[in-house]
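We count ligands from 1, going down the list as the structure has it; atoms in each ligand are counted the same way.
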Amino acid sequence: MDLGLKGRKAIVCAASKGLGRGCAEALAREGVDVTICARGADALDATAKAIAAAGAKVTPVVCDVTTEAGRKALLAACPSPDILITNAGGPPPGDFKDFTLDDWRKAVEGNMITPIALIHATVYGMMERGFGRIVNITSQTVKAPIASLELSNGARLGLTGAVAVLARKAAARNVTINGILPGPFATDRLITNNQKAAEARKVPVSVIEAERVAAIPAGRYGSPAEFGAVVSFLCSVHAGYITGQNLLIDGGGFPAAV
Ligand code: NAP
(Lines give C-alpha, C1' and ligand atoms only; values in the text may rest on other atoms or scores of the structure.)
Protein backbone atom coordinates (compact mmCIF):
# COMPACT_ATOMS: atom_id res chain seq x y z
CA MET A 1 0.00 0.00 0.00
CA ASP A 2 1.29 3.48 -0.86
CA LEU A 3 0.94 5.47 2.38
CA GLY A 4 0.92 8.75 0.42
CA LEU A 5 3.69 10.30 2.51
CA LYS A 6 6.41 10.92 -0.07
CA GLY A 7 7.99 14.35 0.44
CA ARG A 8 6.35 14.94 3.83
CA LYS A 9 8.43 16.18 6.77
CA ALA A 10 8.52 14.48 10.16
CA ILE A 11 9.98 15.15 13.58
CA VAL A 12 10.66 11.88 15.38
CA CYS A 13 11.75 12.47 18.98
CA ALA A 14 14.18 10.26 20.89
CA ALA A 15 15.04 8.25 17.81
CA SER A 16 18.64 7.05 17.93
CA LYS A 17 17.45 3.71 19.31
CA GLY A 18 14.42 1.61 20.11
CA LEU A 19 10.87 2.57 19.24
CA GLY A 20 11.75 6.08 18.02
CA ARG A 21 14.33 4.68 15.63
CA GLY A 22 11.80 2.11 14.40
CA CYS A 23 9.41 4.97 13.57
CA ALA A 24 12.09 7.08 11.85
CA GLU A 25 13.21 4.14 9.71
CA ALA A 26 9.67 3.22 8.70
CA LEU A 27 8.74 6.81 7.79
CA ALA A 28 11.98 7.30 5.87
CA ARG A 29 11.17 4.17 3.85
CA GLU A 30 7.93 5.90 2.80
CA GLY A 31 9.90 8.86 1.42
CA VAL A 32 9.45 11.14 4.45
CA ASP A 33 12.25 13.59 5.35
CA VAL A 34 12.96 12.85 8.99
CA THR A 35 14.40 15.07 11.70
CA ILE A 36 15.51 12.90 14.60
CA CYS A 37 16.93 13.69 18.02
CA ALA A 38 18.66 12.11 20.99
CA ARG A 39 21.10 13.27 23.66
CA GLY A 40 23.97 11.00 22.68
CA ALA A 41 25.68 12.19 19.50
CA ASP A 42 27.41 8.92 18.56
CA ALA A 43 24.33 6.70 18.44
CA LEU A 44 22.32 9.48 16.79
CA ASP A 45 24.89 9.98 14.02
CA ALA A 46 25.13 6.23 13.44
CA THR A 47 21.34 5.99 13.12
CA ALA A 48 21.18 9.04 10.84
CA LYS A 49 23.85 7.53 8.58
CA ALA A 50 22.09 4.15 8.46
CA ILE A 51 18.77 5.79 7.48
CA ALA A 52 20.41 8.12 4.96
CA ALA A 53 22.23 5.15 3.40
CA ALA A 54 18.84 3.83 2.34
CA GLY A 55 18.30 7.05 0.37
CA ALA A 56 16.32 9.18 2.80
CA LYS A 57 16.87 12.77 3.92
CA VAL A 58 17.75 12.78 7.62
CA THR A 59 18.53 15.70 9.93
CA PRO A 60 19.98 14.66 13.30
CA VAL A 61 19.68 17.10 16.21
CA VAL A 62 21.63 16.34 19.37
CA CYS A 63 19.44 17.60 22.20
CA ASP A 64 17.55 16.73 25.33
CA VAL A 65 13.96 16.99 24.12
CA THR A 66 12.69 17.36 27.67
CA THR A 67 14.30 20.83 27.93
CA GLU A 68 13.07 24.04 26.35
CA ALA A 69 16.45 24.58 24.69
CA GLY A 70 16.31 21.07 23.24
CA ARG A 71 12.84 21.53 21.80
CA LYS A 72 13.87 24.91 20.35
CA ALA A 73 16.79 23.29 18.54
CA LEU A 74 14.58 20.50 17.24
CA LEU A 75 11.89 22.87 15.97
CA ALA A 76 14.53 25.13 14.40
CA ALA A 77 15.68 22.14 12.32
CA CYS A 78 12.11 21.35 11.21
CA PRO A 79 9.81 24.31 11.87
CA SER A 80 6.77 23.08 9.92
CA PRO A 81 6.50 19.31 10.25
CA ASP A 82 3.62 17.37 8.69
CA ILE A 83 4.20 14.54 11.16
CA LEU A 84 5.20 14.68 14.81
CA ILE A 85 6.10 11.56 16.77
CA THR A 86 6.56 12.47 20.44
CA ASN A 87 8.81 10.28 22.53
CA ALA A 88 11.38 10.48 25.33
CA GLY A 89 12.97 8.12 27.77
CA GLY A 90 10.50 6.71 30.25
CA PRO A 91 10.57 7.46 34.00
CA PRO A 92 12.43 4.98 36.21
CA PRO A 93 10.62 2.19 38.06
CA GLY A 94 10.24 2.36 41.83
CA ASP A 95 7.71 2.64 44.62
CA PHE A 96 5.39 5.54 45.47
CA LYS A 97 6.84 5.64 48.99
CA ASP A 98 10.30 6.46 47.66
CA PHE A 99 9.47 8.97 44.91
CA THR A 100 10.24 12.61 45.69
CA LEU A 101 8.27 15.53 44.28
CA ASP A 102 11.23 16.16 42.00
CA ASP A 103 10.86 12.61 40.62
CA TRP A 104 7.24 13.41 39.82
CA ARG A 105 8.14 16.79 38.29
CA LYS A 106 10.73 15.12 36.06
CA ALA A 107 8.31 12.44 34.91
CA VAL A 108 5.60 14.99 34.13
CA GLU A 109 8.09 17.28 32.39
CA GLY A 110 9.47 14.48 30.21
CA ASN A 111 6.37 12.47 29.35
CA MET A 112 3.56 15.02 29.57
CA ILE A 113 4.77 18.65 29.27
CA THR A 114 7.34 17.88 26.55
CA PRO A 115 4.84 16.35 24.11
CA ILE A 116 2.29 19.06 24.93
CA ALA A 117 4.88 21.76 24.15
CA LEU A 118 5.80 20.16 20.81
CA ILE A 119 2.16 19.66 19.87
CA HIS A 120 1.33 23.26 20.76
CA ALA A 121 4.21 24.48 18.58
CA THR A 122 3.20 22.42 15.53
CA VAL A 123 -0.49 21.54 15.48
CA TYR A 124 -1.84 24.94 14.41
CA GLY A 125 0.47 25.08 11.40
CA MET A 126 -0.67 21.59 10.44
CA MET A 127 -4.30 22.70 10.72
CA GLU A 128 -3.64 25.73 8.52
CA ARG A 129 -1.97 23.55 5.88
CA GLY A 130 -4.75 20.94 6.03
CA PHE A 131 -2.65 17.92 6.85
CA GLY A 132 -1.03 16.67 10.04
CA ARG A 133 -0.38 13.47 11.92
CA ILE A 134 0.67 13.45 15.56
CA VAL A 135 1.42 10.20 17.34
CA ASN A 136 2.35 10.16 21.01
CA ILE A 137 4.36 7.14 22.08
CA THR A 138 2.98 6.46 25.55
CA SER A 139 2.61 3.01 27.13
CA GLN A 140 0.25 0.18 27.92
CA THR A 141 0.13 1.81 31.37
CA VAL A 142 -2.49 4.15 29.90
CA LYS A 143 -4.95 1.22 29.79
CA ALA A 144 -3.82 -0.63 32.90
CA PRO A 145 -1.31 0.64 35.49
CA ILE A 146 1.90 -1.32 36.04
CA ALA A 147 2.86 -1.72 39.71
CA SER A 148 6.51 -0.66 39.42
CA LEU A 149 5.88 2.17 36.96
CA GLU A 150 3.80 4.63 38.97
CA LEU A 151 5.66 7.67 37.57
CA SER A 152 4.90 6.48 34.04
CA ASN A 153 1.27 5.62 34.87
CA GLY A 154 0.66 9.17 36.09
CA ALA A 155 2.50 11.22 33.48
CA ARG A 156 1.22 9.29 30.47
CA LEU A 157 -2.40 9.39 31.59
CA GLY A 158 -1.97 13.13 32.05
CA LEU A 159 -0.84 13.51 28.43
CA THR A 160 -3.64 11.27 27.17
CA GLY A 161 -6.27 13.42 28.85
CA ALA A 162 -4.59 16.68 27.86
CA VAL A 163 -4.87 16.04 24.10
CA ALA A 164 -8.19 14.19 23.98
CA VAL A 165 -10.26 17.27 23.12
CA LEU A 166 -7.64 18.78 20.79
CA ALA A 167 -7.66 15.53 18.81
CA ARG A 168 -11.33 16.15 18.02
CA LYS A 169 -10.88 19.88 17.35
CA ALA A 170 -8.09 19.24 14.84
CA ALA A 171 -9.80 16.41 12.97
CA ALA A 172 -11.86 18.66 10.68
CA ARG A 173 -8.59 20.11 9.32
CA ASN A 174 -7.24 16.63 8.48
CA VAL A 175 -4.98 16.65 11.52
CA THR A 176 -5.08 13.60 13.77
CA ILE A 177 -3.66 12.99 17.23
CA ASN A 178 -3.38 9.45 18.52
CA GLY A 179 -1.54 7.64 21.26
CA ILE A 180 0.26 4.37 20.61
CA LEU A 181 0.61 2.19 23.69
CA PRO A 182 3.49 -0.28 23.55
CA GLY A 183 3.56 -3.44 25.61
CA PRO A 184 6.94 -5.19 25.86
CA PHE A 185 9.24 -4.38 22.91
CA ALA A 186 12.80 -5.64 22.51
CA THR A 187 14.73 -2.42 23.15
CA ASP A 188 17.47 -1.20 25.52
CA ARG A 189 14.77 0.16 27.83
CA LEU A 190 13.20 -3.27 28.24
CA ILE A 191 16.58 -4.96 28.84
CA THR A 192 17.41 -2.37 31.53
CA ASN A 193 14.03 -2.81 33.22
CA ASN A 194 14.45 -6.60 33.20
CA GLN A 195 17.89 -6.26 34.78
CA LYS A 196 16.52 -3.99 37.53
CA ALA A 197 13.68 -6.44 38.22
CA ALA A 198 16.18 -9.32 38.41
CA GLU A 199 18.35 -7.40 40.89
CA ALA A 200 15.31 -6.48 43.02
CA ARG A 201 14.17 -10.12 43.17
CA LYS A 202 17.70 -11.55 43.33
CA VAL A 203 17.08 -13.94 40.42
CA PRO A 204 18.88 -14.34 37.07
CA VAL A 205 17.60 -12.01 34.34
CA SER A 206 16.66 -15.08 32.29
CA VAL A 207 13.96 -15.86 34.90
CA ILE A 208 12.40 -12.40 34.48
CA GLU A 209 12.54 -12.68 30.68
CA ALA A 210 10.93 -16.13 30.67
CA GLU A 211 8.11 -14.88 32.92
CA ARG A 212 7.52 -11.79 30.79
CA VAL A 213 7.43 -13.66 27.49
CA ALA A 214 5.14 -16.32 29.00
CA ALA A 215 2.66 -13.53 29.83
CA ILE A 216 2.49 -12.32 26.19
CA PRO A 217 -0.08 -14.21 24.12
CA ALA A 218 2.02 -13.66 20.97
CA GLY A 219 4.82 -15.55 22.77
CA ARG A 220 7.50 -12.95 22.04
CA TYR A 221 8.51 -9.33 22.45
CA GLY A 222 7.51 -6.85 19.78
CA SER A 223 10.13 -5.44 17.41
CA PRO A 224 10.84 -1.73 16.79
CA ALA A 225 10.37 -2.39 13.05
CA GLU A 226 6.78 -3.59 13.43
CA PHE A 227 6.10 -0.72 15.84
CA GLY A 228 7.37 1.75 13.24
CA ALA A 229 5.23 0.20 10.51
CA VAL A 230 2.05 0.65 12.58
CA VAL A 231 2.96 4.25 13.40
CA SER A 232 3.62 4.93 9.70
CA PHE A 233 0.15 3.70 8.87
CA LEU A 234 -1.33 6.04 11.52
CA CYS A 235 0.58 8.85 9.77
CA SER A 236 -0.63 7.86 6.31
CA VAL A 237 -3.17 9.60 4.10
CA HIS A 238 -5.45 6.61 4.73
CA ALA A 239 -5.66 7.22 8.48
CA GLY A 240 -7.36 10.63 8.50
CA TYR A 241 -10.48 9.15 10.12
CA ILE A 242 -8.54 7.74 13.10
CA THR A 243 -8.12 10.35 15.82
CA GLY A 244 -8.24 10.56 19.59
CA GLN A 245 -7.47 6.84 19.83
CA ASN A 246 -5.12 5.06 22.18
CA LEU A 247 -3.98 1.98 20.37
CA LEU A 248 -2.45 -0.89 22.28
CA ILE A 249 0.36 -2.72 20.48
CA ASP A 250 1.16 -5.47 22.94
CA GLY A 251 0.90 -8.94 21.39
CA GLY A 252 -2.53 -9.43 23.00
CA GLY A 253 -1.34 -8.93 26.58
CA PHE A 254 -4.31 -6.76 27.59
CA PRO A 255 -6.72 -7.69 28.96
CA ALA A 256 -4.99 -10.56 30.75
CA ALA A 257 -5.01 -13.70 28.61
CA VAL A 258 -7.45 -16.47 29.61
P1 NAP B 1 15.29 2.96 24.33
O2 NAP B 1 15.52 1.76 23.50
O3 NAP B 1 16.02 3.09 25.63
O4 NAP B 1 15.56 4.24 23.41
C5 NAP B 1 15.34 5.50 23.92
C6 NAP B 1 15.72 6.53 22.87
O7 NAP B 1 15.32 7.79 23.32
C8 NAP B 1 17.24 6.62 22.66
O9 NAP B 1 17.47 6.98 21.32
C10 NAP B 1 17.63 7.75 23.61
O11 NAP B 1 18.86 8.32 23.22
C12 NAP B 1 16.44 8.67 23.40
N13 NAP B 1 16.19 9.58 24.51
C14 NAP B 1 15.95 9.25 25.79
N15 NAP B 1 15.74 10.34 26.52
C16 NAP B 1 15.85 11.40 25.69
C17 NAP B 1 15.76 12.80 25.85
N18 NAP B 1 15.51 13.32 27.06
N19 NAP B 1 15.92 13.60 24.79
C20 NAP B 1 16.17 13.08 23.57
N21 NAP B 1 16.28 11.76 23.35
C22 NAP B 1 16.13 10.92 24.40
O23 NAP B 1 13.76 3.11 24.77
P24 NAP B 1 12.42 2.55 24.05
O25 NAP B 1 12.16 1.17 24.54
O26 NAP B 1 12.48 2.83 22.60
O27 NAP B 1 11.33 3.47 24.76
C28 NAP B 1 10.84 4.66 24.19
C29 NAP B 1 9.66 5.11 25.04
O30 NAP B 1 8.63 4.09 25.00
C31 NAP B 1 10.00 5.31 26.52
O32 NAP B 1 9.30 6.39 27.04
C33 NAP B 1 9.52 4.03 27.16
O34 NAP B 1 9.20 4.18 28.51
C35 NAP B 1 8.27 3.73 26.32
N36 NAP B 1 7.89 2.32 26.39
C37 NAP B 1 8.72 1.34 25.98
C38 NAP B 1 8.31 0.01 26.08
C39 NAP B 1 9.22 -1.13 25.65
O40 NAP B 1 8.89 -2.30 25.89
N41 NAP B 1 10.34 -0.89 25.03
C42 NAP B 1 7.05 -0.31 26.60
C43 NAP B 1 6.21 0.73 27.00
C44 NAP B 1 6.64 2.05 26.90
P45 NAP B 1 19.78 9.11 24.29
O46 NAP B 1 19.80 8.29 25.54
O47 NAP B 1 21.13 9.21 23.62
O48 NAP B 1 19.14 10.45 24.50
ask   = Do Leu181 and Ile249 have side chains that get closer than 4.5 Å, going by heavy atoms?
value = no

Residues in the immediate environment of ligand 1 (any heavy atom closer than 4.0 angstrom) = Ala14, Ser16, Lys17, Gly18, Leu19, Ala38, Arg39, Gly40, Cys63, Asp64, Val65, Thr66, Asn87, Ala88, Gly89, Gly90, Ile137, Thr138, Ser139, Arg156, Pro182, Gly183, Pro184, Phe185, Thr187, Asp188, Arg189, Leu190

key: Set of residues satisfying side chain to side chain donor-acceptor pair (under 3.5 Å) with respect to Arg220, sequence neighbours excluded   = Glu226

ask   = Between Arg105 and Asp102, is there a salt bridge with N-O shorter than 4.0 Å?
value = yes

query = What orientation do His238 and Phe233 show, parallel under 30°, tilted 30 to 60°, or perpendicular over 60°?
reply = parallel

query = For Arg201, what residues pass the salt bridge (charged side-chain N to carboxylate O under 4.0 Å, His left out) criterion, not counting sequence neighbours?
reply = Glu211

request  = Please list all pairs passing the salt bridge (Lys or Arg N to Asp or Glu O under 4.0 Å) test where one or both residues lie in residues 173-188, with sequence neighbours left out.
outcome  = Lys17-Asp188

